[in-house]
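Working notes, structure below.
All residue numbers in this chain count up from 1 along the given sequence. Side chains are part of it too, since the values below use all heavy atoms of this structure and drop only hydrogens, waters and symmetry mates.
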Amino acid sequence: MNYTMKNKIFTLTVLAGSLFISSCEDFLTHENTTNANQETFFDSEEALETATAPLYNYVWNSFNDKAYYSMGDGRANNITARWSDYIYPYTNFTETALSPGLEDAWGSFYSVIAQANYTINNIKDYSSPQISEEAKTQAFAEARFMRGLAYWYIGSLWGKGIIYENTAELVSNSVVPANRGVDVIEFAIRDLEYAAVNLSKTASNEGRVTCYSAYAFLSRIYLSMAGLTTDGQYDGSNIATDFNRGTRNSYYLELARKAAMKVIEEGPYQLLENYGDLFAVATTNNNSESIFQLQWLSGSTDAIGWGCNNSMTTYFGWSTMVGEQNWGNATYASYDLVRTYDPQDRIRRHYTIATVGEYYPDLNTKNGGYTYNVTETGYENKCNFKKYVIGKIDDNGQSYSQSSGLNTYMMRLAEVYLNLAEAIMGNNTSTSDAIALEYFNKVRRRAGMPEVNTITYDAIHYERRIEFALEGQYWYDLLRRSYYQQQEVVNYLNNQERNASYKWDETEDCQYTKTDDGTSVATATVSNLTLPISDVDSGRNPLLNQEPEAYTFGEREVSEEDLFN
């Protein structure tokens, strides 16, 4: 994305409302802190693009910094991090309302929502007459895309959330009840459906979302709604109550199939030929497979400021030889993830986790590259993460302390292919559907894996976990399954060897063997499928700890015919 209008972006950002929700502020109390003139700022279509630009990075910064992987991968046991308090309570199922990270995660999503609401309402109120309705609708659709995605996260993680469309109206009364999780997901769907029918088919600027970005996320979220409802379109009366029923709502499975096919047949995307290129400096940002990435600026934080920098690499880098600043020596792949890799799945393993003897020419380039546990010893008892670890500034010209310059994947085409296969399989135990196999096997072929003739849930489960490991997705995959196979998921969580120690052992298929059982891990129960509200947030709003209420929806803005005509 082109951010040449950086000064105007900063002005618009504070004009639209506070970007971040700090630990000492209620997430509903946002005030204008600039003297910019709202009544004259939205004076061109370019100004509208500037208004939505912060929605691509600044408001997601706190989420990206930790919650992206601590909730998406740590909770699901892709990560072992016994000394990182923003990960281990969630891995160990020992989180409480006082656990670090809860307030930050909740606040980060509401930062997105608040910014989206301010953007929508300020454009409605202060756009000059010469701005076309088409341009305003495009801006509204971008903001609603972001708001819908944030609400999907909230509904998934907490099973409830406060739904609102005008932050300013709630400032005087921020003590409001939460709404039911299924309503939060429905609200997300309606936002994304609006985005799907109103966003342009081509990006106005590199990295901007299009209608196909919205359809791609709908292919994911319809799969969630299929588990949360019994039959037909959601109307408040068809909420599923039997979470072990074993089947999903076929209406939403079909919508997920249609949404995925819309992206595949009409969208401009294609898989990158090489899996490793997905995370290489030259080919990560806004590549042909990317459907939506958080757009981070490249440069030192002194130059670009805080909020538009991607700090994630700092948390994964394990040595001063692989990054400018490194806090990830004790953050590494769980034993369960390591042992899950099929022995043939060497390409994805190589580019995701660093294992003994693996050579990385992009790291330590001045000395001929980096070989794990050879260039530096002492790494035979763990596998650090290679994804998002790209080396030092001497290696690539863009790595700075807490600022890698890499965008963060939120959706890529490979997921749409797997969503399609899952939707087609539906309530069957397997499928040999030709279309499902075609796209499922494209993902496998790229990874150097043999094609299959039949797809099962276990096969989809494996592909999703391995293809997107450390991309913040696996916990949400498990949640989606728990909506209709709850006890199966709880049992699975309790058999993941959480916190187990391991070491290099070439005689094992996965080349590692367990050395000790994990410690400090509580037994997972149904209650662990949702997170508690942080003590800070419930202290501000005691109603958050009460039973959530139904949300009253208005008429649907978008019909199925509008989406798939």
Side-chain angles (χ1 to χ4, degrees), residues 1-13 15-16 19 41-60 112 115-124 126-150 191-218 259 262-263 265-270 284-298 304 307-308 405 407-413 416 557-558 562-563:
M1 180 181 295
N2 184 355
Y3 290 105
T4 57
M5 295 182 64
K6 188 183 297 185
N7 289 337
K8 199 168 187 182
I9 291 173
F10 277 108
T11 304
L12 208 293
T13 294
L15 176 69
L19 276 173
F41 195 92
F42 300 103
D43 55 3
S44 67
E45 293 185 6
E46 186 179 50
L48 295 189
E49 285 209 352
T50 303
T52 54
L55 292 168
Y56 288 82
N57 46 32
Y58 290 93
V59 291
W60 291 98
V112 177
Q115 182 75 6
N117 285 339
Y118 271 116
T119 299
I120 292 167
N121 291 310
N122 282 341
I123 290 173
K124 284 180 179 178
Y126 301 115
S127 292
S128 64
Q130 65 262 32
I131 296 180
S132 68
E133 289 300 316
E134 181 181 5
K136 287 191 286 186
T137 298
Q138 172 77 15
F140 297 152
E142 282 187 270
R144 290 186 64 172
F145 173 96
M146 302 296 180
R147 187 177 70 182
L149 182 54
D191 267 353
L192 286 161
E193 288 178 338
Y194 179 91
V197 299
N198 286 294
L199 284 170
S200 60
K201 293 184 177 181
T202 57
S204 61
N205 208 336
E206 186 180 50
R208 292 268 178 172
V209 293
T210 68
C211 67
Y212 302 115
S213 307
Y215 280 109
F217 277 99
L218 285 170
K262 188 87 169 177
V263 177
E265 293 181 336
E266 298 180 18
Y269 315 106
Q270 58 184 5
T284 294
N285 291 356
N286 302 317
N287 57 54
S288 65
E289 186 168 338
S290 171
I291 295 176
F292 173 47
Q293 295 177 339
L294 300 181
Q295 303 286 310
W296 306 114
L297 301 190
S298 180
I304 65 175
C308 58
N407 290 341
T408 302
Y409 286 106
M410 299 290 275
M411 171 67 70
R412 53 186 175 90
L413 184 60
V416 178
E557 300 167 274
V558 178
D562 294 329
L563 287 164

Minimum-distance pair of heavy atoms, taken over all atoms of [X] and [Y]:
X      : Y      : value
Ile304 : Ser298 : CG2-O, 3.6 Å
Val263 : Ala216 : CG2-N, 3.5 Å
Ala196 : Leu218 : CB-CD1, 4.1 Å
Ala116 : Ala143 : CB-O, 3.4 Å
Ala141 : Ala195 : O-CB, 3.6 Å

Requested in this report: Report the residue from Thr137, Leu199, Ile120 that forms a side chain to side chain contact (heavy atoms under 4.5 Å, CB included) with Glu142.
Outcome: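 Only one option passes, and that is Leu199.
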**Report entry** Pair Asn286-Gln295, side-chain donor/acceptor within less than 3.5 Å
**Finding:**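 There is such a pair between these side chains.
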Query raised in the report: Is it true that the side chains of Gln130 and Ser128 contain a donor and an acceptor less than 3.5 Å apart?
Result: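 Their side chains do contain a donor-acceptor pair, which is all the 3.5 Å distance test asks for.
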Would you say the side chain of [Y] lies within less than 4.5 Å of the side chain of [X], judging by non-hydrogen atoms?
X      : Y      : result
Tyr212 : Ile291 : no
Leu149 : Phe217 : yes
Gln115 : Met146 : no
Leu192 : Phe145 : yes
Met411 : Val416 : yes

Report task. Start with the C-alpha gap between Glu289 and Tyr409, add the side-chain angles, then the distance that decides, and say whether side-chain hydrogen bond (donor to acceptor under 3.5 Å, both in side chains) holds. Result -> CA-CA 10 Å; Glu289 186 168 338; Tyr409 286 106; over 6 Å; no
If I take atom [atom1] from residue [X] and atom [atom2] from residue [Y], how far apart are they, to the nearest 0.5 angstrom?
X      : Y      : atom1 : atom2 : result
Thr52  : Asn205 : OG1   : CG    : 9.5 Å
Asp191 : Phe140 : CG    : CZ    : 13.0 Å
Asp43  : Tyr126 : CG    : OH    : 15.0 Å
Glu46  : Leu48  : CD    : CG    : 10.0 Å
Leu413 : Gln270 : CG    : CD    : 9.0 Å
Tyr56  : Arg208 : OH    : CZ    : 5.0 Å

If only atom types and distance count, is the side chain of [X] paired as donor or acceptor with the main-chain N or O of [Y] below 3.5 Å?
X      : Y      : answer
Tyr215 : Leu563 : yes
Ser127 : Lys124 : no
Trp296 : Asn57  : no
Asn285 : Gly405 : yes
Ser200 : Thr210 : no

